[in-house]
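Note that ligands are numbered from 1 as they come in the structure, with each ligand's atoms numbered from 1 the same way. FYI, side chains are in, hydrogens and waters are out, and symmetry mates aren't considered; it's all heavy atoms of this structure.
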Amino acid sequence: MNIDLTEDQRLLLDSIKAFVEQEFMPHEDAVDKAANVDDDLTEQIKKRAIEMGFYAANLPESVGGGGLNHVERTILEREFGKVTHALHEIAARPTELLMACQSDQIETYLKPSVTGERAECFGLTEPGAGSDVMGMQTRARQDGDDWIITGQKHFISSAVNPDFAIVFAATGVEQTPRGERKQVTSFLVDVGTKGFEMVRGPQPVSQRAYRNFELYFDDCRVPASQILGEPGTGLDLANQWLRAGRIWVAAGCCGKLERLLELSTEWAATRQQFGQPIGKFQGTSFKLADMATELLASDLLTFHAARGADADNMRPDDVAMAKLYASEALGRGADNAVQIFGGMGLMEALPIERLWRDARLERIWEGTSEIQRHIISRTLLREHGA
Ligand SMILES: Cc1cc2nc3c(=O)[nH]c(=O)nc-3n(C[C@H](O)[C@H](O)[C@H](O)COP(=O)(O)OP(=O)(O)OC[C@H]3O[C@@H](n4cnc5c(N)ncnc54)[C@H](O)[C@@H]3O)c2cc1C
């Protein structure tokens, strides 16, 4: 990585790198082919992650987490991002949204998530509401001291079977200077609650072993004590705690691009055609040059956003630019890697085709490339009153 790091950050990077090589990489091919991570391997990774202090490394030390700052977490996500989410998300970084837990929620949801006894999923997206979050149809109405949730979520992902879901539901409407806006409330809903059904969704081609769930709520009754934060503040809470989330996607893209560049460079230097290494042909070597240049640009944008977040002055467009550029650079780099490997790039015998498939998702989740461009251009235009 061509980024200035302190001595402590270098040591952290070395220990994460070793963990990824020992605990994840030996299994990535098999779990992708099986489209599953079995229970024994899941337990083994979880145990090792807890021993090494990587489990819940993102949450503050005050609640038992690892207390990584944004730059340190970027270093972690960059290395973890070299392998499938199905493996590295077992060494979980529970959603920071759980820091909004209050009173009994702390013992029931936050603390067991830090120790690995319980796992959550994040239920926002719906079949009719992806980029347009406010198009959400899932609703909750108050009935005495309870709330009754009705609706459906899809594309809800997790490395393990979740024990509870953080579910976003419309609970009313408020007037804003720009007109009516849905009020959204987040609920903690345990798997097994009457009226809540969780089933496996379709198999994605990216991140094949990563689990994808559909959540169904049919008059699912939960007590008011299951509200996370205050009623009507669900999306504000998500914005408050998850605003750096796109940095982690960008960091993972940098890691994957670095891996593809290393593999492609080695191949171009050793694969012979016409009596010389294919790297001697500019059609190949210029692809490597483009990948290296775009990797550094992606890293600079990503660490710029992370350093801004640590200094508490991260701008929404900083994060959007990092996520946009790194995920698109990865897309171009993965395609170049397949081209450099030729037919072998498409064979399951090598990791290239898997990295190429996995890379495709990065331009879609955590806000598509178009939504990132929207955020960046909106910031520009607002400065001119538009
Ligand atoms: C494997 C996987 C795991 C996921 N995990 C989770 C999860 O755990 N929890 C969760 O809540 N969600 C999750 N998601 C959902 C993910 O965040 C959404 O897929 C993403 O936000 C895009 O929504 P969509 O797929 O409905 O696409 P759509 O919103 O339907 O978009 C389709 C196309 O239209 C474009 N488009 C839409 N609106 C605009 C606009 N205003 N301007 C320009 N272009 C536009 C998009 O950019 C895109 O190209 C996951 C998705 C996948 C595929």
Side-chain angles (χ1 to χ4, degrees), residues 31-32 35-37 81 84-90 92-98 113 119-138 149 151-170 178 184-189 191 198-217 228 234-235 237-239 241-243 245-246 248-250 252-253 256 319-320 323-324 327-328 330-331 354 357-379 381:
V31 302
D32 187 71
N36 185 44
V37 183
T84 167
H85 277 255
L87 289 168
H88 78 67
E89 290 288 354
I90 297 170
R93 281 80 75 210
T95 172
E96 290 84 359
L97 206 57
L98 289 168
S113 299
E120 89 287 0
C121 63
F122 183 82
L124 180 62
T125 303
E126 302 183 2
S131 304
D132 178 16
V133 172
M134 282 305 187
M136 129 178 357
Q137 295 300 310
T138 298
I149 309 173
Q152 179 185 348
K153 302 284 174 184
H154 81 162
F155 294 169
I156 309 307
S157 51
S158 175
V160 297
N161 290 344
D163 300 288
F164 66 96
I166 300 175
V167 182
F168 294 81
R178 293 187 195 169
V184 174
T185 302
S186 46
F187 294 87
L188 296 154
V189 188
V191 170
M198 186 173 70
V199 298
R200 288 290 284 269
Q203 181 70 56
V205 67
S206 280
Q207 310 281 349
R208 242 176 354 205
Y210 200 38
R211 299 177 190 194
N212 164 38
F213 297 94
E214 294 173 356
L215 316 182
Y216 295 93
F217 301 91
L228 186 60
L235 290 183
L237 266 186
N239 287 336
W241 289 106
L242 307 179
R243 64 196 185 101
R246 287 166 182 164
W248 321 139
V249 177
C253 292
K256 256 190 218 72
V319 198
K323 201 270 180 185
L324 170 66
S327 62
E328 300 217 330
L330 173 62
R354 175 165 38 77
R357 276 188 286 113
D358 286 354
R360 191 61 188 87
L361 175 60
E362 309 289 0
R363 283 181 271 162
I364 293 175
W365 64 2
E366 283 282 342
T368 62
S369 286
E370 291 75 21
I371 295 302
Q372 306 309 325
R373 287 190 169 90
H374 177 64
I375 294 167
I376 297 162
S377 56
R378 185 184 58 193
T379 310
L381 291 165

Participant: If you take all heavy atoms of Cys121 and Ser157, which pair is closest and at what distance?
Facilitator: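 Here Cys121 and Ser157 meet closest at CB-O, 4.4 Å.
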
Participant: Can you list the ligand 1 atoms lying under 4.0 Å from a non-hydrogen atom of Glu370?
Facilitator: 43 (C), 44 (N), 46 (C), 47 (O), 49 (O)

Participant: Between Asn36 and Arg211, is the side-chain hydrogen bond (donor to acceptor under 3.5 Å, both in side chains) condition met? List the steps.
Facilitator: CA-CA 8 Å; Asn36 185 44; Arg211 299 177 190 194; 3.3 Å; yes

Participant: Lys153 and Leu124: which non-hydrogen atoms are nearest, and at how many Å?
Facilitator: NZ-O, 3.1 Å

Participant: Starting from atom 9 (N) of ligand 1, find the nearest protein heavy-atom neighbour and note its residue, name and distance.
Facilitator: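 Protein heavy atom at minimum distance: Phe122 O, 2.8 Å.
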
Participant: Measure Asn212 to ligand 1 on non-hydrogen atoms and call it side chain, backbone, both or neither using the 4.0 Å cut-off.
Facilitator: neither

Participant: Taking the six-membered ring for Trp, are the ring centroids of Phe213 and Phe155 within less than 6.0 Å of each other?
Facilitator: no

Participant: Please report which non-hydrogen protein atom sits nearest to atom 53 (C) of ligand 1, along with the residue it belongs to and the distance in Å to one decimal place.
Facilitator: Leu361 CD1, 3.5 Å

Participant: Can you tell whether the side chains of Arg357 and Asp32 come within less than 4.0 Å, N to carboxylate O?
Facilitator: yes

Participant: In terms of side-chain geometry, is the basic nitrogen of Glu328 or Arg373 positioned less than 4.0 Å from the acidic oxygen of its partner?
Facilitator: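 The answer is yes: the pair qualifies as a salt bridge.
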
Participant: Quick test: of every protein heavy atom, which one is nearest to atom 2 (C) of ligand 1, and how far off is it to 0.1 Å?
Facilitator: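 For this ligand atom, the closest protein heavy atom is Trp365 CE3, 3.8 Å.
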
Participant: Between Glu362 and Lys323, does any NZ, NE, NH1 or NH2 come within less than 4.0 Å of an OD or OE carboxylate oxygen?
Facilitator: no

Participant: To check your reading of the model: name the closest protein heavy atom to atom 20 (C) of ligand 1, its residue, and the distance in Å.
Facilitator: Ile364 O, 3.5 Å

Participant: Given that the side chain starts at C-beta and the backbone is N, CA, C, O, which of these parts of Thr368 lies under 4.0 Å from ligand 1, counting heavy atoms, or is it both or neither?
Facilitator: side chain

Participant: Within the 4.0 Å heavy-atom shell around Leu124, which atoms of ligand 1 are there?
Facilitator: 11 (O)

Participant: Which option, Thr125, Ile166, Thr95, owns the non-hydrogen atom nearest atom 12 (N) of ligand 1?
Facilitator: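 Ranked by closest heavy atom to atom 12 (N) of ligand 1, first place is Thr125.
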
Participant: Could you give the distance from CD1 (Ile371) to OG1 (Thr368), rounded to the nearest 0.5 Å?
Facilitator: 4.5 Å

Participant: Can you pull out the closest protein heavy atom to atom 14 (N) of ligand 1? Residue, atom name and distance to 0.1 Å, please.
Facilitator: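 In this structure, atom 14 (N) of ligand 1 has Phe155 O, 3.3 Å as its nearest protein heavy atom.
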
Participant: From atom 33 (C) of ligand 1, is the closest protein heavy-atom distance below 4.0 Å?
Facilitator: no

Participant: Quick one: which ligand 1 atoms are inside 4.0 Å of a heavy atom on Ile156?
Facilitator: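 Listed by number with element, the hits are 7 (C), 8 (O), 9 (N), 10 (C), 11 (O).
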
Participant: Could you check which of Cys121, Ser131, Gly128 puts a non-hydrogen atom nearest to atom 36 (N) of ligand 1?
Facilitator: Ser131

Participant: Pick whichever of Glu366, Arg363, His154 has a heavy atom sitting closest to atom 17 (O) of ligand 1.
Facilitator: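 Ranked by closest heavy atom to atom 17 (O) of ligand 1, first place is Glu366.
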
Participant: Taking all heavy atoms of Ile376 and all of Ala320, pick out the closest pair and write down the distance.
Facilitator: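 Nearest heavy atoms, Ile376 then Ala320: CG1-CB, 3.7 Å.
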
Participant: Provide the closest heavy-atom pair for Phe168 versus Leu97 in the form atom of the first, atom of the second, distance.
Facilitator: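 Looking at all heavy atoms of both residues, the shortest contact is CZ-CD2, 3.7 Å.
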
Participant: Of the protein's non-hydrogen atoms, which lies at the shortest distance from atom 24 (P) of ligand 1, and what is that distance?
Facilitator: Gly130 CA, 4.0 Å

Participant: For atom 39 (C) of ligand 1, which protein heavy atom lies nearest, and how many Å away is it?
Facilitator: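 Nearest neighbour among protein heavy atoms for atom 39 (C) of ligand 1, to 0.1 Å: Ile371 CD1, 4.0 Å.
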
